[in-house]
Peer 1: 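This is the structure I want to talk about, given as structure tokens.
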Amino acid sequence: MTLRLYNTLTRRKEEFKPLHPPAVTFYVCGPTVYDYIHIGNARVFIIFDVIRRYLNYRGYRVKMAQNYTDIDDKMIRRAAEEGLSVSELADKFIAAYEEDAARLRIRPAELQPRATEHIGPIIKLISRLEERGLAYVSGGDVYFDTGAFKGYGQLSHQALEELIAGARVEPGERKREPLDFALWKSRKPGEPAWDSPWGKGRPGWHIECSSMAMHYLGETIDLHAGGADLIFPHHENEVAQSTGATGKTFARYWLHAGYLNIDQQKMSKSLGNVLTVRGLLENFNPLDFRFFILSAHYRSPLSFSRDLLLQARSGRERLQELADNLYRALAGSRREAPDGGEKLYSAIKAARDRFIEAMDDDFNTAGAIAVLFELAREANIYLNREHPHNRKLLEQLLALYGEANEIFDILDLRQPDSLDEELRQMIARREEARRKKDWATADRIRDELQAQGIILEDTPHGVRWKRKTDT
RNA sequence: GGCGACAUAGCCAAGUGGUAAGGCAGAGGACUGCAAAUCCUUUAUCCCCGGUUCGAAUCCGGGUGUCGCCUCCA
């Protein structure tokens, strides 16, 4: 089986062939750290977190870099508003990002470079472009000469003339052609600045990603990813700069995540419909959000609403319920207990194959999740029927869900924790009342427990408790 | 205006030539003192009109609708 993925550059699904397997180099455009991240940002980071984990699962050794843009116009503006220096602002929101990402179970990339810590390599890259006649100085600024680079528009699949027709020039820019973009911006009063061959100034947005990607991952990287709105101009410009400087392919595969929409519209600051991760997590479980994100294909637009998230939660809880029950059953399981025959073992094997098949097809997470649900039904049937349970079978089931969870991270897989002595006694007293058919007492105790966040379920195999999930 | 994506049951959603996965919600049933969980059953003229094909949700053409990029934006 081979992994196929959709490459924005060619607009088709291609077989994934890294340059130096099993090594894979993967660059993801990270946040500009001028504010808390919103749930649309979170979608992108979750998706590429999952893709990266899946590649590792498939035996690749992924080296991932995700940058922090800690210097640009938005940073400068926001810092002024907050009364902070640009670097203080960056520190604040990098810390906030790390907190949010951790709560969403996004694993940090191996490399998390900051633009301001790589001014040297950035300047070197600009110089290379200058030497090759692809950059020019105008005022104190340096611009990329898009007209001099053959192949501009290859990623966004736009003809140069069409792009020019739509392009605008901001006041104060000194570029020759509307599509040219700043590699280096000369210092304005009060702005942070670094020394350079062109005088004091700061890097443009696009050059930092090219520079850091090549600095850490090499001049040709395997995967480059980001949100769909980065295709143009950001990634187009990265292609131009990097290929322009080295003459080599910059990124072999470009992956782009679809938008997360609210009210049928793209979420954006200007529309005022932004929901931050912090705001979301005040009311929702991070795992429900991950599950929600993974229930759609990563390239499709996805609508967000409270209702849809609640729908996702109900589904996720079914899988969580199964996982908890498997662990509970494991505690009382025996090696020689009935395992229901070959049927379930082959169902587990088939599930693993189909899971991989779905994920190999351009990371079809929705299809892969469906496999987990189908196996869940088989597993539930077994859990309801047999007692005690066969240890080996339970272990194999848990192994399968464990593998899937190592990629998706949508379940809490854990041994059941224990209850306080007091609560245990309440349950025992209720059992006693039930034996005496004293339903009033039994129900009163059940209500009391529920008030303390403990939900009781009377199953054919005895009473079972679980903690009420938050939010 | 240019480029592009999408349109599958009440809702979400997978599915690129062989006759519609999965989830949520609903209905009925089993189990249960009740509840919960679970299991069983049940819900689709695949946006419209043409065409190609023995056969199309899937391919082609034309509509209609929604969204996006072309400007900072994940």
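Quick note on labels: first sequence line is chain A, next is B, and so on, each numbered from 1.
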Peer 1: Do any of residues 33-54 of chain A sit with a heavy atom less than 4.0 Å from RNA chain B, and if so which?
Peer 2: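 By residue number: A/H38, A/G40, A/N41, A/V44.
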Peer 1: Describe, in one word, how the ring planes of A/F355 and A/Y57 are oriented to each other, choosing from parallel (under 30°), tilted (30 to 60°) and perpendicular (over 60°).
Peer 2: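 A/F355 vs A/Y57 ring planes: perpendicular.
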Peer 1: When the nearest nucleotide of RNA chain B is assigned to A/A159 and to A/S295 on a heavy-atom basis, which residue is associated with the more 5' position?
Peer 2: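 This one resolves to A/A159.
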Peer 1: Using the P atom as the point on both nucleotides, what is the distance between B/rA7 and B/rC59, in whole Å?
Peer 2: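 Approximately 11 Å lies between the P atom of B/rC59 and that of B/rA7.
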Peer 1: Check every strand shown and say whether A/L260 touches a base, only sugar-phosphate, or nothing at a heavy-atom separation below 4.0 Å.
Peer 2: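 Contact class for A/L260: base.
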Peer 1: Would you kindly give the CD1-to-C1' distance between A/I231 and B/rA74, to the nearest whole Å?
Peer 2: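 For the pair A/I231 CD1 and B/rA74 C1', the rounded distance is 11 Å.
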Peer 1: So for atom CZ, which belongs to A/R12, do other residues, nucleotides or ligands contribute more than 12 heavy atoms lying within a distance under 6.0 Å?
Peer 2: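 Open.
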Peer 1: Rounding to the closest angstrom, what is the interatomic distance between B/rU19 and B/rU38 at atom P?
Peer 2: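 Result for the P pair: 31 Å, nearest Å.
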Peer 1: Is the closest side-chain donor-acceptor distance between A/N384 and A/H461 under 3.5 Å?
Peer 2: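 Not at all, the side chains of A/N384 and A/H461 share no donor-acceptor pair under 3.5 Å.
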Peer 1: Using atom P of each nucleotide, how far apart are B/rU42 and B/rG22 to the nearest Å?
Peer 2: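 Going atom to atom, P in each nucleotide, I get 12 Å.
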Peer 1: Side chain of A/R11, heavy atoms from C-beta onward: which of B/rC72, B/rG4, B/rA74 has the nearest atom to it?
Peer 2: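 The answer is B/rG4, which lies nearest to the side chain.
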Peer 1: Let me know the distance between NE2 of A/H461 and P of B/rC39, rounded to the nearest Å.
Peer 2: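 A/H461 atom NE2 is separated from B/rC39 atom P by 13 Å.
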Peer 1: Take the protein atom CZ of A/F292 and the nucleotide atom P of B/rA14, then report the distance between them rounded to whole Å.
Peer 2: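 These atoms are roughly 12 Å apart.
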Peer 1: Rounded to whole angstroms, how far apart are CZ on A/F304 and P on B/rC11?
Peer 2: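 Going from A/F304 (CZ) to B/rC11 (P), I get 19 Å.
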Peer 1: Cation over ring, A/R299 on A/Y6, under 6.0 Å and within 45°?
Peer 2: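 Output yes; distance and angle both within limits.
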Peer 1: Nearest to the side chain of A/F373 - B/rA21, B/rA25, B/rG23?
Peer 2: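 Selected nucleotide (nearest to the side chain): B/rG23.
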Peer 1: Could you state the atom-to-atom distance from CE of A/M267 to P of B/rC69 in whole Å?
Peer 2: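 Result: 13 Å.
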Peer 1: For B/rC54, what is the paired nucleotide under Watson-Crick or G-U wobble rules, both distances under 3.5 Å?
Peer 2: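 B/rG18 is the nucleotide pairing with B/rC54.
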Peer 1: With a 3.5 Å limit on both atom pairs, tell me what B/rG1 is paired to, counting Watson-Crick and G-U wobble, or say none.
Peer 2: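 Here B/rG1 is engaged in a pair, and the nucleotide opposite it is B/rC70.
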Peer 1: For atom P, what is the distance between B/rC72 and B/rG23, given to the nearest Å?
Peer 2: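 Looking at atom P only, B/rC72 and B/rG23 are 44 Å apart.
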Peer 1: Take atom CH2 of A/W439 and atom P of B/rU32, then tell me their distance rounded to the nearest Å.
Peer 2: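 Roughly 11 Å, once rounded to whole Å.
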Peer 1: State the pairing partner of B/rA30; accept Watson-Crick or G-U wobble contacts with both distances under 3.5 Å, and report none otherwise.
Peer 2: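 Here B/rA30 is engaged in a pair, and the nucleotide opposite it is B/rU38.
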Peer 1: For A/E374, which contact category applies under a 4.0 Å heavy-atom criterion: base, sugar-phosphate, or nothing?
Peer 2: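 A/E374: backbone/sugar contact only, no base atoms under 4.0 Å.
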Peer 1: Rounded to whole angstrom, note down the P distance from B/rU16 over to B/rU58.
Peer 2: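 That atom pair is separated by 12 Å.
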Peer 1: Tell me, please, which residues at least two apart from A/Q112 pass side-chain hydrogen bond (donor to acceptor under 3.5 Å, both in side chains).
Peer 2: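 Testing A/Q112 for side-chain hydrogen bond (donor to acceptor under 3.5 Å, both in side chains), a comparison that skips the adjacent residues, returns A/Y68.
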Peer 1: Please determine whether ring-ring contact (aromatic ring centres under 6.0 Å, His included) holds for the pair A/F45 and A/Y97, giving the CA-CA distance in whole Å, both sets of side-chain angles, and the decisive distance to 0.1 Å.
Peer 2: CA-CA 11 Å; A/F45 299 134; A/Y97 169 82; 5.5 Å; yes
Peer 1: Of all residues at least two apart in sequence or in a different chain, which pass the ring pair (Phe, Tyr, Trp, His ring centres under 6.0 Å) check with A/Y253?
Peer 2: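 Per chain and number, A/Y253 pairs via ring pair (Phe, Tyr, Trp, His ring centres under 6.0 Å) with A/F16.
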Peer 1: Would you check if there is a donor-acceptor pair between the side chains of A/N237 and A/Y152 at a distance under 3.5 Å?
Peer 2: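 Their side chains do contain a donor-acceptor pair, which is all the 3.5 Å distance test asks for.
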Peer 1: How would you label the contact of A/K437 with the nucleic acid (heavy atoms, under 4.0 Å): base, sugar-phosphate, or nothing?
Peer 2: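 The residue A/K437 makes no contact with any strand.
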Peer 1: Could you please name the partner base of B/rC6, counting Watson-Crick and G-U wobble pairs only when both distances are under 3.5 Å?
Peer 2: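 Because both required distances fall under 3.5 Å, B/rC6 counts as paired with B/rG65.
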Peer 1: Output all residues satisfying side-chain hydrogen bond (donor to acceptor under 3.5 Å, both in side chains) with A/R278, sequence neighbours left out; order by chain, then residue number.
Peer 2: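 In terms of side-chain hydrogen bond (donor to acceptor under 3.5 Å, both in side chains), with neighbours along the sequence ignored, A/R278 is linked to A/E99, A/D100.
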Peer 1: Specify the separation, in whole Å, of atom CD of A/Q158 and atom P of B/rG4.
Peer 2: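 Those two atoms, CD and P, are 8 Å apart.
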Peer 1: With respect to the side chain of A/L302, which nucleotide from B/rA13, B/rC73, B/rC11 is positioned closest?
Peer 2: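 When the side chain of A/L302 is considered, B/rA13 is the closest of B/rA13, B/rC73, B/rC11.
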Peer 1: When rounded to the nearest Å, what value does the distance between C1' atoms of B/rA13 and B/rC69 take?
Peer 2: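 25 Å, rounded to whole Å.
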Peer 1: Taking the same atom, C1', in B/rU64 and in B/rC73, what whole-Å distance lies between them?
Peer 2: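 Per the computed distance, 31 Å lies between those C1' atoms.
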Peer 1: Which whole number of Å gives the distance between the C1' atom of B/rG2 and that of B/rC60?
Peer 2: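 One C1' to the other, the span is 23 Å.
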Peer 1: N/O contacts under 3.5 Å, protein versus nucleotides 34-38 of chain B?
Peer 2:
{"from": "B/rC34", "atom 1": "O2", "to": "A/R446", "atom 2": "NH2", "distance (Å)": "2.5"}
{"from": "B/rC34", "atom 1": "N3", "to": "A/R446", "atom 2": "NH1", "distance (Å)": "2.9"}
{"from": "B/rC34", "atom 1": "N3", "to": "A/R446", "atom 2": "NH2", "distance (Å)": "3.3"}
{"from": "B/rC34", "atom 1": "N4", "to": "A/D458", "atom 2": "OD2", "distance (Å)": "2.7"}
{"from": "B/rA35", "atom 1": "N6", "to": "A/D458", "atom 2": "O", "distance (Å)": "2.9"}
{"from": "B/rA35", "atom 1": "N1", "to": "A/D458", "atom 2": "N", "distance (Å)": "2.9"}
{"from": "B/rA35", "atom 1": "N3", "to": "A/R446", "atom 2": "NH1", "distance (Å)": "3.2"}
{"from": "B/rA36", "atom 1": "O2'", "to": "A/E457", "atom 2": "OE2", "distance (Å)": "3.1"}
{"from": "B/rA36", "atom 1": "N1", "to": "A/D458", "atom 2": "O", "distance (Å)": "3.2"}
{"from": "B/rA37", "atom 1": "O2'", "to": "A/R464", "atom 2": "NH2", "distance (Å)": "3.4"}
{"from": "B/rU38", "atom 1": "O3'", "to": "A/N380", "atom 2": "ND2", "distance (Å)": "3.2"}
{"from": "B/rU38", "atom 1": "O2'", "to": "A/N384", "atom 2": "ND2", "distance (Å)": "2.3"}

Peer 1: Taking only residues at least two apart or on different chains, which pairs with a member in residues 68-77 of chain A satisfy salt bridge (Lys or Arg N to Asp or Glu O under 4.0 Å)?
Peer 2: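 For residues 68-77 of chain A: A/D70-A/R114, A/D72-A/K74, A/D73-A/K185, A/D73-A/R202.
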Peer 1: Of the candidate nucleotides B/rG22, B/rC11, B/rG2, which contains the atom at the shortest distance from the side chain of A/L308?
Peer 2: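 The nucleotide sitting nearest to the side chain is B/rC11.
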Peer 1: Let's test this: given Watson-Crick or G-U wobble pairing with both distances under 3.5 Å, identify the partner of B/rA44.
Peer 2: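 When the pairing criteria are applied, nothing turns out to pair with B/rA44, so the answer is none.
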Peer 1: Judged by modelled atom types alone, do A/N325 and A/R328 share a side-chain donor-acceptor pair under 3.5 Å?
Peer 2: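 A/R328 and A/N325 do have a side-chain donor-acceptor pair below 3.5 Å.
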